[in-house]
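Worksheet for the structure shown next.
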Amino acid sequence: MEKMARVSTALGGNTLTGRTMFCHLDAPANAISVCRDAAQVVVAGRNIFKIYSIEEEQFVEKLNLRVGRKPSLNFSCADVVWHQMDENLLATAATNGVVVTWNLGKPSRNKQDQLFTEHKRTVNKVCFHPTEVYMLLSGSQDGYMKCFDLRKKDSVSTFSGQSESVRDVQFSIRDYFTFAATFENGNVQLWDIRRPDRYERMFTAHNGPVFCCDWHPEDRGWLATGGRDKMVKVWDMNTTRAKEIYCVQTIASVARVKWRPECKHHIATCSMMVDHNIYVWDVRRPFIPSAMFEEHKDVTTGIVWRHLHDPYFLLSGSKDSTLYQHIFKDASQPIDRANPEGLCYSLYGDLAFAAKESLISSDSNRKPYIGDRRHPIFFKRKLDPTEQFEYISSSSALSVFETDVESGSMDWFVHTAKQYALAGRPLAELCDHNAKVAKGLDRNQVAQTWTMLRIIYSSLGTMSSTNLNHSMGKGSTTLPLMNSFNLKDIPSGLGSESRLDRSKGESRTENILMDSSSTLINNEDNEETEGSDVPADYLLGDVEADEDDLYMMDHENPHAEEQEYSLPQEAFPLRHEIVDNPSALDHLQDKADSPHVSGNEAETVSLTPVESFSLISISHSLYENRLPSDFFNPIVRDTLLFYAEQGDVQTAVSVLIVLGDRIRKEIDEQTQEHWYTSYIDLLQRFQLWNISNEVIKLSTCRAINCLNQASTTLHINCSNCKRPMSNRGWICDRCRQCASMCAVCHHVVKGLFVWCQGCSHGGHLQHIMKWLETSSHCPAGCGHLCEYT
Amino acid sequence: NKKTSCSFLSAYHQRTCNNFQVSPPLTRGPSAFIPENEVMQANGLDERTNLLVEEYSTSGRLDNITQVMSIHTQYLESFLRSQFYMLRMDGPLPLPYRHYIAIMAAARHQCSYLINMHVDEFLKTGGIAEWLNGLEYIPQRLKNLNEINKLLAHRPWLITKEHIQKLVKTGENNWSLPELVHAVVLLAHYHALASFVFGSGINPERDPDTSNGVRLIAVNNFCVCDLANDNNIENASLTSSNFGVSVARRFFLLASYFAIFFFTAFDDEIVSTDVSRYVEDPGFGYKDFARRGEDHLPTFRAQDYTWENHGFSLVNRLYSDIGHLLDEKFRMVYNLTYNTMATHEDVDTTTLRRALFNYVHCMYGIRYDDYDYGEVNQLLERSLKVYIKTVTCYPERTTKRMYDSYWRQFKHSEKVHVNLLLMEARMQAELLYALRAITRHLT
């Protein structure tokens with residue numbers, strides 16, 4: 001009750017008004033502090049020590065405390081604090097280790113009052129007792145904390161942390177005798193002011209220095225600490241062991257923390273390095289700051305709430321030599337900019353989709369799907385009516401869409417990946433081999449591509465003597481992009497609209513028209529409606545040759561395709577009939593332009609390879625020896641781009657690797673890298689580690705090449721004492737024995753070491769293999785039934 | 001209660017005299033300054049053996065640096081760990097690059113010992129042998145490092161954010177920030193290590209494989225100049241003016257101590273041609289941070305950019321984990337003590353260690369507000385100051401005479417300890433300047 005009364009007097013008599021404003025200081029600030037009446041602020045730094053009054057519209061400089069022509073180091077402040085009981089009393093901590101008190105009531109220009117030169121090193125922090133007028137506490141780099149009585153010349157008591165530098169000291173707000181001190185080695189100590197001999201409690205709060213701490217203004221047991229490890233932690237000190245109750249992970253080391261008045265869970269932080277913003281966190285929601293002030297151009301060094309009981313005004317000083325007053329309603333709220341939708345594929349092609357509930361629940365027809373393990377899951381949090389500053393609604397709905405197992409099968413991808421040959425043989429052989437692989441999997445189009453590549457890049461010389469006209473059936477690319485998903489319980493709001501949107505899958509037709517001297521590539525985007533035939537126009541090249549002269553590239557199964565080859569006699573556009581795709585249902589395709597995401601779409605190729613063929617005739621006369629294979633590079637490039645666009649990065653990357661330098665320069669580095677990473681990602685999702693590694697090795701991109709040089713560490717435990725081995729050497733630090741002994745021959749294993757993950761015994765690969773032929777028990781005699789994969 | 005180092009050292013001060021014997025350089029053992037048996041017998045033998053065995057088993061050799069450092073086992077451990085990390089573990093730079101950067105750094109001080117070592121490593125990790133012909137043969141990207149290498153090695157205070165910008169934004173040869181930080185850490189490490197090598201008179205490795213033809217013949221540059229007998233340059237104002245001189249003035253006087261002396265003594269030095277192929281602008285050397293008469297220089301205020309608060313965060317952000325390793329190493333060397341001094345035991349050497357550390361920083365213009373630079377004069381005798389200045393700023397000029405002439409009652413292990421302090425202080429100073437420039441570039 002008492003608190004409430006004070007609020008009304010403090011705020012009632014003197015309501016805070018103002019706006020976001022700033023003023024330039026002459027020098028970087030190191031710390032700021034406010035007067036009790038919230039009307040004045042003191043700014044201290046290496047070259048500045050001034051008092052500003054906070055007016056409605058601006059800051060007005062009231063007093064410069066740096067007097068004298070050549071100010072001494074005593075003025076170089078690391079910290080400043082304004083007494084909350086006596087508005088004439090200030091204390092500063094100087095970088096040279098001096099603690100100075102200032103009395104504004106002095107009549108002279110020099111307001112310096114007392115000088116304590118007891119610390120040997122920089123004083124990092126000074127702190128007045130919240131209720132005692134004459135009690136001042138300081139914490140220094142030299143590892144000591146000192147308590148001063150301002151009526152005396154020397155310190156009253158000295159506290160030795162017995163460890164490294166003191167970074168912050170704070171009197172407990174409610175506990176008269178208690179103060180907390182934080183240290184450079186990560187510890188926090190609690191002291192009783194009456195007992196300088198020994199701390200009451202100590203615990204390790206952070207990894208690395210603890211830069212700051214702040215007692216909760218209301219909850220007497222809560223202490224917030226911020227450290228170099230980028231964490232803000234809230235400790236409940238009521239229990240015998242300090243208990244971490246909240247933890248906020250920030251993006252840079254935390255320089256200051258300050259609880260927000262009147263808001264139990266809010267805390268403001270600023271960082272020591274790199275990040276210049278001030279954040280206000282709700283500690284219960286540690287992943288996204290609830291408010292953010294982005295005004296400063298350099299590191300913020302001091303933050304303070306303007307009034308003890310007002311949560312809307314925040315003052316801050318910075319290295320960029322400005323002093324700001326931030327108003328809460330001007331704060332930016334990162335949550336507004338955060339993308340509340342998430343989309344992810346599972347390994348088996350299921351699609352999970354999470355969105356703000358308000359987006360989805362606008363549709364009232366939706367009912368939860370019951371009886372399936374994959375039914376959409378909804379998260380909802382009840383808003384706490386007692387909460388003064390409520391959360392921004394954070395509930396969202398998660399829907400999982402199941403893939404039709406059949407159509408989602410990616411077997412062809414795995415087979416292709418395993419069987420493709422990418423290097424180690426002449427180009428022609430590689431192409432032939434890969435064409436055969438593709439053919440075997442009914443991917444005629446890809447097979448044709450490989451065959452063409454062989455012709456373009458390797459058989460050039462020999463071709464001239466064969467004197468043949470080639471007419472290749474080019475598998476048209478009008479494969480309809482088919483659904484892979486049966487949407488179960490798709491919210492109709494999402495379902496109908498987005499489905500329609502997405503069903504306009506592009507169907508591209510690529511024709512290669514070879515004129516006597518020029519190359520024309522004709523890409524057409526056909527708007528395709530669900531389940532309809534795909535109209536495709538084909539421009540055919542000047543087919544001068546007779547049907548008899550046409551040389552079929554499909555040696556494998558000529559008659560199977562023969563019926564479909566209705567070879568045109570004239571050179572006019574011809575409409576091909578496409579077999580209706582029976583399984584064309586819903587189309588759900590995302591971002592066809594990103595191979596990364598669309599990896600799963602590639603599967604559509606395998607479903608029903610509906611193909612139509614256009615004919616390309618390459619008459620010998622067109623490209624005799626004179627026509628270099630470079631000539632075709634643009635076509636090949638477009639082909640690859642096309643495949644990648646379709647989601648078949650596999651083909652694109654494989655061709656890229658096989659052709660190597662022949663094509664590399666045609667495609668810009670970024671795109672290549674993008675393909676590679678997409679393909680490698682896919683391979684790894686299918687656990688094709690060896691193949692992905694091979695691809696990495698063969699890639700010519702620098703960024704890709706070094707991928708398999710990263711994270712090559714394997715952490716192992718010692719087989720004797722079962723504790724982690726330091727990463728060097730064969731000898732375990734702890735039990736001083738060679739750790740990697742072969743259980744069979746009892747020698748140290750250098751080279752391939754295989755071990756059972758159950759009992760961690762193992763040995764030379766050969767020995768273990770031999771052993772396991774005769775026994776399934778562990779050769780070490782531990783009785784374990786070893787399992788090797 | 002421990003007696004502080006002050007009292008002992010002032011006593012030594014009085015007794016120091018200039019006529020002493022200099023023993024000839026030793027060619028056997030790991031160091032030319034320290035007798036072999038001194039290196040081999042040290043406390044904590046068990047622990048030490050283990051560490052050395054481990055080092056041998058991972059790197060396949062036990063170089064002389066490791067052997068000499070092994071006098072201080074605790075330190076050696078963190079030294080090896082951080083060196084191992086920056087040379088061999090995950091990092092932004094490819095392995096051959098790292099060794100080449102080490103070569104470039106060592107070449108600034110003509111440290112053929114380190115160069116040889118890393119030429120081998122460079123080739124072993126698949127580096128292009130052609131690069132070893134000299135700086136003209138390396139890619140432009142590496143060449144761009146020359147400027148920052150030069151400045152870091154000799155006058156780190158000249159590094160500005162413009163240098164960083166130039167490296168980061170030059171189109172195709174640009175350095176990413178993590179790469180740059182990795183490179184800077186390597187450069188600083190090897191500049192400092194060169195100080196240690198010369199300061200402790202590390203002998204060339206004895207291993208016989210000199211077949212690759214790129215190995216340099218160690219230049220025996222033990223200087224003949226007799227430094228210790230030169231008394232004219234004693235700066236009277238330094239010793240007499242401990243009172244009444246402003247703190248700032250004292251800092252500058254100290255920073256420029258011996259300035260004239262070094263400029264007259266070594267201006268016409270010839271750089272060995274073998275090393276010079278890795279060096280650009282060989283004439284560039286340390287110049288006193290504070291030239292006499294210029295009082296108001298932009299000193300680096302230690303409190304405004306400290307390793308603990310700022311340097312660590314930046315380095316760790318851009319090159320993960322190295323921050324922790326360096327932090328541990330700095331902490332280790334700063335706090336290392338056996339509470340002994342010469343023949344005395346149970347001595348608190350904190351002030352002495354701090355004086356050594358801060359004196360090195362002082363020569364690089366890094367100033368601590370909370371330090372009374374008068375302490376340096378009180379604690380460090382003149383011959384020691386000569387030694388410190390030489391080892392830090394012109395390591396290649398260190399002589400056995402310098403090494404022998406200071407602290408003559410002290411043990412060799414203590415002198416190695418001094419070298420470790422100097423090395424780490426120097427590395428930290430270089431890092432602070434480079435990282436501050438990077439921070440400024442970022443803001």
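We name chains A, B, ... by the order of the sequence lines, and we start the count at 1 in each one.
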Handout entry: Pair Thr95(A)-Gln303(B), side-chain donor/acceptor within less than 3.5 Å
Key =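 No.
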
Practice task
Taking atom types as modelled, find out whether Arg167(A) and Asn309(B) have a side-chain donor-acceptor pair closer than 3.5 angstrom.
Solution key: yes

Practice task
Enter the distance from Asp229(A):CG to Ser313(B):OG here, rounded to the nearest 0.5 Å.
Solution key: 10.0 Å

Problem - Spatial distance of atom CD (Glu184(A)) from atom OG1 (Thr306(B)) [nearest 0.5 Å] - result: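 Answer for the CD-OG1 pair, Glu184(A) versus Thr306(B), is 7.5 Å.
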
Problem - Residues of residues 317-325 of chain B near chain A, each having a heavy atom less than 4.5 Å away - result: Arg317(B), His324(B)

Handout entry: Which of Leu442(B), Asp304(B), Asn335(B) touches chain A most, by non-hydrogen pairs under 4.5 Å
Key =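 Heavy-atom pairs under 4.5 Å are most numerous for Asp304(B).
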
Exercise for the section: Name the region of Arg440(B), side chain, backbone, both or neither, that has any atom closer than 4.5 Å to a heavy atom of chain A. Expected result: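 Neither; nothing under 4.5 Å.
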
Go through the atoms of [X] and report whether side chain, backbone, both or neither lie under 4.5 Å from a heavy atom of chain B.
{"X": "Glu164(A)", "value": "side chain"}
{"X": "Met273(A)", "value": "side chain"}
{"X": "Lys120(A)", "value": "backbone"}
{"X": "Ala78(A)", "value": "neither"}
{"X": "His119(A)", "value": "neither"}
{"X": "Asp142(A)", "value": "neither"}

Handout entry: Tyr305(B) atom OH, neighbour heavy-atom count above 12 within 6.0 Å
Key =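 Correct, the count exceeds 12.
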
Exercise for the section: Flag yes if more than 12 heavy atoms outside Gln670(A) fall under 6.0 Å of its CD atom; otherwise flag no. Expected result: no

Problem - Shortest non-hydrogen contact from Met272(A) toward His310(B) - result: O-CD2, 3.8 Å

Handout entry: Side-chain donor or acceptor of Arg228(A) paired with backbone N/O of Glu308(B) under 3.5 Å
Key = yes

Handout entry: Backbone N/O of Asp370(B) and side chain of Asn96(A): donor-acceptor pair under 3.5 Å
Key = no

